[in-house]
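Encoded as structure tokens, the structure appears first; notes follow it.
Keep in mind it's a predicted model, so treat the numbers as computed, not measured.
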Amino acid sequence: MDILNTFVLYLFNPIPGRPFEYYYLVGIIVLLLLGLGIFIRVYNRKNKEDRIFRKLFKKYPSKLWTMAIALAIYLLARYNYIPFFSMRLLFYLIAATTLYLIYDIINSYLRKYPAAKKLHHEQMALNRYKISRKKKKKKGR
């Protein structure tokens, strides 16, 4: 019972204390997330002909920026001893969400993007050979 109590206090302690030695590492991650979001946004705006990439990666810059802001707010709260915002559980939730977002971006780029691009090229090849016919208008009424 003492082990469970210690674990719960470790996660939910509103002021976990100063021995957080990952300020620089989390700060670098915040900068990387901001940079990746800016890179994707600029790439989407410059490559307008790649519609598949634009469609798949349109939502990611704002999500990356949201995670970066959440991590930055957590760092500030942890450094300034702000109760409940510096909880370890909050850090673990933000970190897990960020890792899932990175996994989703990698999965989209390595699996979904090539498949969607291949399907788009096949569809364009099929559309090239189709003959468009105008429908005849019915006379009367």
Side-chain angles (χ1 to χ4, degrees), residues 1 3-141:
M1 191 67 179
I3 295 172
L4 180 64
N5 189 23
T6 306
F7 179 70
V8 169
L9 283 176
Y10 176 79
L11 285 179
F12 292 102
N13 191 2
I15 304 174
R18 184 68 77 151
F20 184 69
E21 299 172 359
Y22 304 108
Y23 289 111
Y24 294 114
L25 177 66
V26 176
I28 290 170
I29 291 172
V30 166
L31 292 176
L32 287 174
L33 290 175
L34 288 173
L36 184 62
I38 290 170
F39 173 75
I40 292 173
R41 175 68 57 109
V42 168
Y43 189 82
N44 270 345
R45 288 191 180 182
K46 283 193 175 188
N47 295 333
K48 293 186 178 187
E49 66 275 354
D50 194 2
R51 293 181 179 164
I52 304 300
F53 187 88
R54 288 177 62 123
K55 181 180 176 186
L56 284 176
F57 290 88
K58 184 178 184 179
K59 60 185 176 180
Y60 290 128
S62 61
K63 289 183 178 183
L64 286 168
W65 294 333
T66 304
M67 288 293 105
I69 290 170
L71 279 171
I73 290 172
Y74 177 78
L75 275 181
L76 291 173
R78 184 72 187 250
Y79 186 75
N80 293 318
Y81 292 118
I82 298 174
F84 298 107
F85 288 114
S86 60
M87 224 179 347
R88 287 184 180 104
L89 180 68
L90 186 61
F91 176 70
Y92 294 143
L93 290 175
I94 294 170
T97 306
T98 304
L99 287 175
Y100 176 74
L101 180 62
I102 297 297
Y103 166 76
D104 196 27
I105 291 171
I106 292 171
N107 186 34
S108 294
Y109 186 74
L110 295 179
R111 292 189 181 162
K112 293 178 186 177
Y113 177 61
K117 197 169 187 177
K118 182 180 177 185
L119 181 67
H120 177 71
H121 286 304
E122 289 173 357
Q123 188 66 34
M124 294 301 285
L126 286 175
N127 288 344
R128 188 178 338 153
Y129 296 113
K130 286 185 179 178
I131 300 172
S132 61
R133 298 180 189 171
K134 294 184 178 180
K135 294 183 180 180
K136 294 182 181 179
K137 295 182 180 178
K138 293 183 180 180
K139 293 183 179 178
R141 299 188 194 190

**Request:** Could you pull out all residues at least two apart from Tyr100 that satisfy side chain to side chain donor-acceptor pair (under 3.5 Å)?
**Result:** none
**Asked** For Glu122, what residues pass the side chain to side chain contact (heavy atoms under 4.5 Å, CB included) criterion, not counting sequence neighbours?
**Response** Lys118, Leu119
**Fill in**
side chain to side chain donor-acceptor pair (under 3.5 Å) filter on Asn107, not counting sequence neighbours, yields none
**Request:** Output all residues satisfying side chain to side chain contact (heavy atoms under 4.5 Å, CB included) with Leu9, sequence neighbours left out; order by chain, then residue number.
**Result:** Asn5
**Request:** Sort out for me which residue in Ile38, Leu36, Leu33 forms a side chain to side chain contact (heavy atoms under 4.5 Å, CB included) with Trp65.
**Result:** Ile38
**Considering all heavy atoms, the nearest Leu75-Gly27 contact** = CD1-N, 3.7 Å
**Message:** Go through it in stages, so that I can follow the logic: the residues are Phe53 and Tyr43, the test is ring-ring contact (aromatic ring centres under 6.0 Å, His included), and I'd like the CA-CA distance, side-chain angles, deciding distance and then a yes or no.
**Reply:** CA-CA 9 Å; Phe53 187 88; Tyr43 189 82; 4.8 Å; yes
**Request:** Return the set of residues passing ring-ring contact (aromatic ring centres under 6.0 Å, His included) with Tyr74 (not counting sequence neighbours), or none when no residue passes.
**Result:** Phe91
**Request:** Report the distance from atom CG of Leu32 to atom CG of Leu71, rounding to the nearest 0.5 Å.
**Result:** 11.5 Å
**Minimum-distance pair of heavy atoms, taken over all atoms of Pro14 and Ser86** = O-OG, 3.3 Å
**Straight-line distance of Ile29 CD1 to Leu34 CG, nearest 0.5 Å** = 12.0 Å
**Asked** For Ile3, does the CD1 atom have more than 12 heavy-atom neighbours from other residues, nucleotides or ligands under 6.0 Å away?
**Response** no
**Message:** For the CZ atom of Phe57 and the CG atom of Leu64, what is their distance to the nearest 0.5 Å?
**Reply:** 10.5 Å
**Request:** Kindly write out the residues that satisfy side chain to side chain contact (heavy atoms under 4.5 Å, CB included) with Ile106, not counting sequence neighbours, or none if the list is empty.
**Result:** Ile102, Leu110
**Heavy-atom closest pair, residues Leu90 and Phe85** = CD2-O, 3.3 Å
**Reported NZ-to-OG1 distance for the pair Lys63 and Thr98, which is rounded to 0.5 angstrom** = 12.0 Å
**Request:** Determine which pairs satisfy side chain to side chain donor-acceptor pair (under 3.5 Å) with at least one residue from residues 33-42, sequence neighbours left out, and list them in order.
**Result:** none
**Prompt:** For Tyr60, which residues count as a side chain to side chain donor-acceptor pair (under 3.5 Å) partner, sequence neighbours excluded?
**Reply:** Asp104, Ser108
**Request:** Please round to the nearest 0.5 Å and tell me the distance separating atom CD1 of Ile52 and atom NE2 of His121.
**Result:** 8.0 Å
**Prompt:** Taking all non-hydrogen atoms of both residues, which atom of Ile40 and which atom of Pro61 are closest, and how far apart?
**Reply:** CG2-CG, 3.7 Å
**Message:** I'd like to check Leu56 versus Tyr109 (side-chain heavy atoms, cut-off strictly below 4.5 Å). Are they in contact?
**Reply:** no
**Prompt:** Does Arg54 have any side chain to side chain contact (heavy atoms under 4.5 Å, CB included) partners at least two apart in sequence or in another chain, and if so, which?
**Reply:** Asn44, Lys48
**Prompt:** Got a sec, which residues hit side chain to side chain donor-acceptor pair (under 3.5 Å) with Lys117, two or more places apart in sequence or on another chain?
**Reply:** Tyr113
**Complete:** Sequence neighbours excluded, the answer for ring-ring contact (aromatic ring centres under 6.0 Å, His included) partners of Phe12 is none
**Item:** Heavy-atom side-chain proximity of Leu76 to Arg78 below 4.5 angstrom
**Value:** no
